[in-house]
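In what follows, a single structure is set out as structure tokens and then discussed.
Order of the sequence lines sets the chain letters (A, B, ...), proteins ahead of strands, with each chain counted from 1. No experiment lies behind these values; they were computed from the predicted model shown.
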2 protein chains.
Amino acid sequence: MFDSFDLKLLNALQEDSDRTAEELAEIIALSSSAIARRIRRLKESGAIARTIALLSAEIVDHRLRAIVRLQLHEHEKAGDFTDFRNRLEARDEVQLCLEVSGSDDVMLLVACRDMAEFNDFADSELAASPIVRRYETSFVKKEIKNRPMVRLDERDA
Amino acid sequence: MFDSFDLKLLNALQEDSDRTAEELAEIIALSSSAIARRIRRLKESGAIARTIALLSAEIVDHRLRAIVRLQLHEHEKAGDFTDFRNRLEARDEVQLCLEVSGSDDVMLLVACRDMAEFNDFADSELAASPIVRRYETSFVKKEIKNRPMVRLDERDA
DNA sequence: AGTGAAACTCTGGCACC
DNA sequence: GGTGCCAGAGTTTCACT
């Protein structure tokens, strides 16, 4: 699937996708046209899902972020859970939604403007949902690291 | 700080930063040169911290991801905690590290290749650390949503 | 994969509001 | 102050080797 050039390229683009093909060619031992060709192929094939801008911590830190751990009722029809998932996915406040193992079933990272907005979210999406058994909230005091990056190596080839 | 054009632009770039100034000019009512100028200013001022490529879910799903909730010992010297934070920050496996309120002190999202690698990580960084009192791990079964985006509006101006 | 030319995109100066 | 227009610089794309 990927040769070692692709792997280096994917790692580099996950760190900073703003560099030109020529700059990347200096890091990876390849001509700029080969770099450009590979980037285009990786985007077309979907290996690179999308490229996005991340805002400064100064802006993001003005939001109230919360980790919410959900326990669901056990015998839910698949349809209800799908609806619930779709509702969460549609909410702008939900940055991350993961189905997890262990005593909790779902974990959310929610970014709101303030506590009032968080309460509105929790009331309408969580407390009001018949499939949520209970939920527990921790608020984010400080972001120490946020790097979505997955470093690839030859084992990912 | 930001006028309504900047806010629209920041929202658009958080969703997809691969569009040209001309394409963005069709969404936002501005000429392409004005768009390009604003993007450059937003990057120079640091409002846009960086732009990154996100890999496809197919690639990321081959990793074993875990949510780890940490409780620390209470009377830690600030220096020890700083060291601990720096170690976690330096580990590629740590995608997200948050200081939180509530019964836990720190929450991690960790991406490893397999359980063996996760255990190595947990043993060397968590179990071996004198400042960690206990930790609890949930593994990610399924990613339902992952959008780091923070939607801005006139209240962020 | 690399080279070079064509096409496209961004940059910077100037007039305008 | 910021915008739009246009020309030049820089970057990507494409045919060919």
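Think of the region where chain A sits on DNA chain D: with heavy atoms and a 4.0 Å cut, that region ends 5' and 3' at D:dT11 to D:dC14.
Sequence neighbours left out, the pairs with a member in residues 110-142 of chain A that pass ring pair (Phe, Tyr, Trp, His ring centres under 6.0 Å) are A:Phe118-A:Phe139. The ring pair (Phe, Tyr, Trp, His ring centres under 6.0 Å) pairs that include a residue from residues 5-41 of chain B number zero, where partners must be two or more places apart or lie in different chains.
B:Gln14 contributes a side-chain N or O that, together with a main-chain N or O of B:Val150, makes up a donor-acceptor pair within less than 3.5 Å. For the pair A:Asp156 (side chain) and A:Asp153 (backbone), a donor-acceptor distance under 3.5 Å is present.
Annotation: salt bridge (charged side-chain N to carboxylate O under 4.0 Å, His left out) contacts of A:Glu22 (sequence neighbours excluded): none.
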Enumerate donor-acceptor pairs with a distance under 3.5 Å from any side-chain N or O in residues 25-32 of chain B to protein atoms, sequence neighbours excluded.
| residue | atom | partner | partner atom | Å |
| --- | --- | --- | --- | --- |
| B:Ser31 | OG | B:Ser33 | OG | 3.2 |
| B:Ser31 | OG | B:Ala34 | N | 3.3 |

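Heavy-atom minimum distance, B:Asp114 versus B:Glu117: OD1-N, 2.9 Å.
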Does the protein touch nucleotides 3-15 of chain C at the base, only the backbone, or not at all? Give it as B, S and - per nucleotide, heavy atoms under 4.0 Å. B-----SSSSB--
